[in-house]
2 protein chains.
Amino acid sequence: MRNARPQSRLDESLLTNVPPFSKLETRQIREILDLASSRRYSEGTTVFQEGEDADRFFMLLDGYIRVVRITPGGEQVIALHIPSGQLFGIAKALGHTTYPATAVTAAESIALSWPTRLWEQFVTEYDGFASETYKTVGIRVAEMNNRIMEMATQQVEQRIAKSLLRLINQTGRKVATGIEIDFPITRQDLSEMTGSTLHTVSRTLSAWEKQGMVSSGRKRITVCEPHELVLLAEATG
Amino acid sequence: MRNARPQSRLDESLLTNVPPFSKLETRQIREILDLASSRRYSEGTTVFQEGEDADRFFMLLDGYIRVVRITPGGEQVIALHIPSGQLFGIAKALGHTTYPATAVTAAESIALSWPTRLWEQFVTEYDGFASETYKTVGIRVAEMNNRIMEMATQQVEQRIAKSLLRLINQTGRKVATGIEIDFPITRQDLSEMTGSTLHTVSRTLSAWEKQGMVSSGRKRITVCEPHELVLLAEATG
DNA sequence: GACACTCTTTGCGCTGGGACAAACAAATGG
DNA sequence: CCATTTGTTTGTCCCAGCGCAAAGAGTGTC
């Protein structure tokens with residue numbers, strides 16, 4: 001499936017013109033290249049797959065790639081367009097899933113490892129702190145990614161459902177019958193989270209209330225039928 | 001404007017129960033706390049402001065905060081809800097603007113510096129590489145943030161305009177008269193970037209073409225009146 | 001208890017843009 | 001050169017959800 005042809009000898013000139021490396025000394029570039037390998041992709045081919053195990057970053061030297069997410073309903077959303085000179089495939093390193101990427105044009109990348117010596121020393125010495133820090137960034141990125149996909153493909157009702165579930169999950173609690181958002185939240189707030197209006201949110205909650213799915217009041221929302229809500233949130237539009 | 005009351009003596013017990021720190025030795029926690037200061041915020045107050053110069057991260061120990069973006073038209077979009085145990089205010093450190101945050105409930109945070117010694121050594125030694133790496137992550141986060149805001153507040157036409165401009169800017173080229181997207185792009189692609197449909201994209205481009213703003217063909221789009229496009233993209237809903 | 005706020009609900013009309021359908025046009029390939 | 005595939009345009013219909021407007025319902029304060 002991977003259609004790249006690894007190249008054997010990597011020349012320093014590959015990197016000297018790419019901004020992130022241009023300031024480095026030759027010695028440092030060599031150190032990086034010793035652990036790197038270069039790949040070429042032709043237009044339209046797969047750069048990497050969903051969830052692929054990446055112990056490395058990729059730096060795009062030439063061309064464009066796009067990262068794509070596919071909804072449960074089969075719709076595509078282009079999550080990112082990455083031009084040359086940027087890193088990609090970093091999600092895994094931040095503790096999260098990577099999504100499939102394809103080459104928009106013929107492209108060339110190199111796979112890099114971090115300059116390892118100091119990095120490992122750093123992570124080891126401050127063990128929990130460093131890795132948890134990265135996890136935070138990873139969570140943040142993953143969450144934004146999800147919101148983009150939702151906004152692109154889902155109806156307002158589903159987005160509201162997702163938002164409620166997210167607010168509960170975020171606190172680390174289980175979504176259970178009778179669970180309440182544990183801080184005051186207004187219809188206005190919810191609308192600002194979902195990209196809707198307070199009127200529409202109000203109507204939606206009213207409808208849910210009639211079906212017994214939630215119970216809500218002023219600045220307060222309690223989920224009565226979490227399972228129903230999950231079904232609704234995951235319905236394929 | 002900042003309404004926090006700094007606390008003087010920081011006790012280790014503050015951190016020992018917070019996941020990212022729980023694995024650390026007392027020695028390490030002390031080292032972190034020596035450079036940290038704690039702050040309390042009451043409900044609804046400002047945690048930090050737009051563009052505030054943050055040489056530190058903040059770790060939320062208790063409560064909830066939200067990060068808010070305000071559109072040129074004055075609409076609010078809730079960009080993030082942050083529960084306790086997570087870092088916030090990291091955007092600046094990743095090389096990008098921070099957005100204002102307020103406390104949703106009474107909240108407590110501590111301001112941290114990175115464990116500095118090794119970190120500085122790391123960044124210094126690999127100068128360009130490390131900082132540019134962070135820039136990549138920062139750019140990615142900022143871009144996603146923008147897309148969320150756009151999806152929440154803008155009409156399809158504006159989002160298409162923004163997407164085109166982004167594709168051009170991303171390549172590092174100036175947006176100029178007659179500039180062309182330098183790789184083949186279909187209506188379908190554009191629709192997947194903007195969360196629309198290929199039909200709507202086609203109609204929109206047709207309309208623009210009639211006004212002389214763009215010239216487009218099969219898998220090709222050229223911007224004729226970049227200024228018009230910018231105006232359109234920035235129009236307040 | 002009365003007044004002022006703030007938050008929520010509901011009705012109604014209107015429209016952006018999605019769904020469906022059907023040509024049309026440009027590439028590709030035998 | 002004709003056939004097929006891939007991408008684009010356009011028409012028609014229709015509805016989710018926004019905007020506007022106005023009336024409840026809680027909360028806080030004097």
Side-chain angles (χ1 to χ4, degrees), chain A residues 42-44 71 73-78 102 104 150-164 181 183-211 214-222 232 235-237, chain B residues 42-44 71 73-78 102 104 150-164 181 183-211 214-222 232 235-237:
Chain A
S42 55
E43 184 177 333
T71 69
E75 288 167 283
Q76 271 204 9
V77 177
I78 295 181
T102 58
V104 180
E150 288 160 21
M151 301 272 280
T153 62
Q154 300 193 315
Q155 305 284 79
V156 171
E157 188 180 26
Q158 296 184 346
R159 302 208 301 268
I160 296 173
K162 278 256 165 73
S163 280
L164 286 185
I181 310 290
F183 55 84
I185 185 167
T186 67
R187 309 289 186 264
Q188 178 73 39
D189 290 340
L190 255 182
S191 77
E192 288 174 7
M193 287 181 223
T194 52
S196 176
T197 65
L198 100 137
H199 307 268
T200 302
V201 170
S202 177
R203 276 182 249 269
T204 306
L205 286 179
S206 291
W208 289 352
E209 195 136 13
K210 273 173 199 133
Q211 295 167 42
V214 303
S215 135
S216 72
R218 187 189 163 86
K219 291 190 176 190
R220 180 191 60 78
I221 297 170
T222 309
L232 217 168
T236 65
Chain B
S42 54
E43 183 178 334
T71 68
E75 287 168 284
Q76 272 203 9
V77 177
I78 295 181
T102 58
V104 180
E150 287 160 21
M151 301 272 280
T153 62
Q154 300 192 317
Q155 307 284 78
V156 171
E157 187 179 28
Q158 295 183 350
R159 302 209 300 268
I160 297 173
K162 277 255 165 75
S163 280
L164 287 185
I181 310 290
F183 54 84
I185 184 166
T186 67
R187 310 289 186 263
Q188 178 74 37
D189 291 340
L190 255 183
S191 76
E192 288 173 8
M193 287 181 222
T194 52
S196 176
T197 64
L198 102 136
H199 306 268
T200 302
V201 170
S202 176
R203 274 182 247 271
T204 306
L205 286 179
S206 290
W208 288 351
E209 195 136 12
K210 273 174 198 132
Q211 295 166 43
V214 303
S215 133
S216 73
R218 187 188 164 86
K219 292 189 175 190
R220 181 192 59 77
I221 298 170
T222 308
L232 218 169
T236 65

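Note on naming: letters A, B, ... go to the chains in the order of the sequence lines (proteins, then strands), and numbering restarts at 1 for each one.
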*Sidechain-backbone polar pair: B:Ser202 side chain, B:Leu198 backbone, donor-acceptor under 3.5 Å*: no
*Nearest of C:dG18, D:dA25, D:dT8 to any side-chain atom of B:Arg187?*
D:dT8
*Does the side chain of B:Val156 come within less than 4.5 Å of B:Arg203's, by heavy atoms?*
no
*Check whether any side-chain nitrogen or oxygen of A:Ser202 sits under 4.0 Å from OP1 or OP2 of C:dC7, and answer yes or no.*
no
*Rounded to the nearest Å, what distance is computed from the CD atom of residue B:Gln188 to the P atom of nucleotide D:dT5?*
18 Å
*Between D:dC18, D:dT6, D:dG17, which nucleotide has the shortest distance from any of its atoms to the side chain of B:Arg218?*
D:dT6
*Base C:dT8 to side chain A:His199, donor-acceptor N/O within 3.5 Å cut-off*: no
*Under 4.0 Å between a side-chain N/O of A:Thr186 and OP1 or OP2 of C:dC7, yes or no?*
no
*Figure out the CD/C1' separation between B:Gln158 and C:dG17, and round it to whole Å.*
14 Å
*When the distance from CH2 of A:Trp208 to P of C:dT9 is rounded to whole Å, what number comes out?*
13 Å
_Nucleotide D:dT10, atom C1' - distance to CG of B:Leu205 in whole Å_ = 14 Å
*Just how far is it from atom OG1 of B:Thr153 to atom CD of B:Gln158, taken to the nearest 0.5 Å?*
7.5 Å
*Atom OG in A:Ser163, atom CD in A:Glu150: separation rounded to 0.5 Å?*
7.0 Å
*Roughly, in whole Å, what's the span from CD1 in B:Ile160 to P in D:dT8?*
13 Å
*Is the distance from OP1 or OP2 of C:dG16 to the nearest side-chain N or O of B:Thr200 less than 4.0 Å?*
no
_Expressed as a whole number of angstroms, how long is the span from A:Met151:CE to D:dG17:C1'?_
14 Å
_Need one value for B:Leu198: base, sugar-phosphate or nothing, where a base atom within 4.0 Å counts as base even if backbone is also close, heavy atoms only._
base
*Quick one: A:Gln154 CD to D:dA16 C1', roughly how many Å, whole number?*
15 Å
*Phosphate oxygens OP1/OP2 of C:dT8: is one of them under 4.0 Å from a side-chain N or O of A:Ser206?*
no
_With each end axis built from five pairs of C1' atoms, what bend angle do you get for the helix from C:dG1-D:dC30 to C:dG30-D:dC1? Round to 10°._
40°
*asked:* What is the separation between atom NZ on B:Lys219 and atom C1' on D:dT9, rounded to the nearest whole Å?
replied: 17 Å
*asked:* Do A:Ser215 and A:Glu209 make a side-chain contact, defined as non-hydrogen atoms from C-beta onward lying under 4.5 Å apart?
replied: yes
*Any N/O donor-acceptor pair, A:Arg203 side-chain to D:dG19 base, under 3.5 Å*: yes
*asked:* Checking side-chain contact (heavy atoms from CB on, under 4.5 Å) between B:Ser216 and each of B:Ile221, B:Thr222, B:Leu164, B:Leu190, which is the one that passes?
replied: B:Ile221
*Going from OG on B:Ser196 to CD on B:Glu157, what distance comes out if it is rounded to the nearest 0.5 angstrom?*
11.0 Å
